[in-house]
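Written below as structure tokens is the structure these notes are about.
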Amino acid sequence: MSAELILRSKELFARVFQEPANVIVCAPGRVNLIGEHTDYNEGFAMPFCIGKYTVIAARRRTGATCRITSAGVPGAISTFPGDSSLSPGPEGDWTNYVRGVVFGMLPMLPGGSCAFDAAVVSDVPLGSGLSSSASLEVATATLLESIYRLGADPKGKALVCQKAEQTFCNSPCGITDQFVCACGEAGHALLIDCRPPYATESVPLSDPRIALVVADSNVKPQLSGSEYPDRVQQCKDACAAMQAAGHSEVRHLRDATLSMLETVARSHALPEATVRRARHGALRPGDGISEDQRTLQAKEALKACDYAQVGRLMFASHASLRDDYRVSSPELDALVEIARGVPGVHGSRLTGGGFGGCTVTLLSRSAVPALLAAFEAEYPKRAGGRTASVFVVRPAAGAMLLQQGAGAEPLAGAPLSPQLSGVAKVTAALVLSAVAAAVIASKRQR
Ligand code: GLA
């Protein structure tokens, strides 16, 4: 957590609302190490928080009106009701992430309404598949939790945020992003069992011998386009076909086995494309290789510090996402292949929803300079002159209340000092080019 980000949020608040903020909260972006497109199939995912955060400086008000401003939209203040008359703003409006969370939390608030002023700043790259949206949602929920002194319930908070994104932002997302933003632990990945009641396991991921590198292809994913909802629907279709074939227990792909799917495929009850999606999807562990099994195996390998095995599973995950699930892109494939050619790289794969966005690479720490050099030299050749934006990341803490009080005083134990930053310092050497600024371009302008 950068102390400078906190300062910027306070300054923005004071400038716009003409008085000091008295509460500061934050929530991070995330990277998914493995377990992709499994969450809406009630499978397993293993993401971690990156040390880049959305920070909100705020002040509770009386009444039922919320005012919010963002460093990304200088000079603009959005106002909306903090009661049950609240509805989504125009499609694509960034405040819909905030509105949806406020709406979802109203039943928990005293009198069923709320009022606050808030200023948002963020260093999570926007619209790059690093969950800038979930980070804003979870930061908003943490704000309400803090100013109305609700009991901390990270899982409940994640579910409210997921619903907000589904209902106010028209994105049929799963639970992975909001869950890790709310529940992530510094130095750990979070294995999430995406079937209610959502069991989690923190898995240590802070071995100094390894490094994690995120490479942004600088092609923006479009999660609200039709590709993601199409995948969700194909998984449902596959389940329906297996149910119709007598497997009534298959409520989600999590419940299906490879042999059930093959039987249905042989009867031509499903289009070939749907069978391929389902093959990637969360087939029941213990029967065939699926993304779920890879995720569970990767968790065990990580606990045993068997990074070569984690890496093999990551490469296999990417291949399945590319060939069966069809959510990769030429640019993401290029990044993975470039990484594969670097000695010391254990594994690499696309991370997040796909169709652009980022890859995550697991490698020996000593191999980081070679990987960066390879991305810099090779990616533009394979991506039509485009450059990648590259970050070394360390698993960081999830959402938290940072400061509270008259002048927003630091809380004892809150990680405010730059030394406790969850992200490795991105030095000039670790940023491939000035095009890093392109990361700021976003599907939603803040
Ligand atoms: C997006 C969604 C998540 C998950 C991933 C794919 O990030 O928000 O819920 O489905 O895609 O694993």
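For ligands, and for the atoms within them, numbers begin at 1 and follow the listed sequence. Note that these values count all heavy atoms, side chains included, but never hydrogens, waters or copies made by symmetry.
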Hey, which atoms in ligand 1 end up nearer than 4.0 Å to a heavy atom of His37? 6 (C), 12 (O)
Lys/Arg-Asp/Glu bridge criterion (N-O < 4.0 Å) met for Asp255, Arg195: yes
Backbone or side chain, does any N or O of Asp177 fall under 3.5 Å from an N or O of ligand 1? yes
Do Thr95 and Asp93 get their side chains close enough for a donor-acceptor pair, meaning under 3.5 Å? yes
Does Gly174, backbone or side chain, put an N or O under 3.5 Å from an N or O of ligand 1? yes
Which atoms from ligand 1 have a heavy atom of Asp39 less than 4.0 Å away? 3 (C), 4 (C), 9 (O), 10 (O)
So, Thr387 versus Asn218: side-chain donor-acceptor pair below 3.5 Å or not? no
Quick note on ligand 1: atoms under 4.0 Å from a heavy atom of Tyr40 include exactly 10 (O)
Does a side-chain N-to-carboxylate-O contact under 4.0 Å join Arg382 and Glu337? no
Partner set under side-chain contact (heavy atoms from CB on, under 4.5 Å) for Ala241, not counting sequence neighbours: Val264, Leu270
Per-residue contact class, Gln178 against ligand 1 - non-hydrogen pairs under 4.0 Å: neither
Can you confirm whether or not the ring centre of Tyr228 sits under 6.0 Å from the ring centre of Tyr40? yes
Does Arg30 come within less than 4.0 Å of ligand 1, judged by its heavy atoms? yes
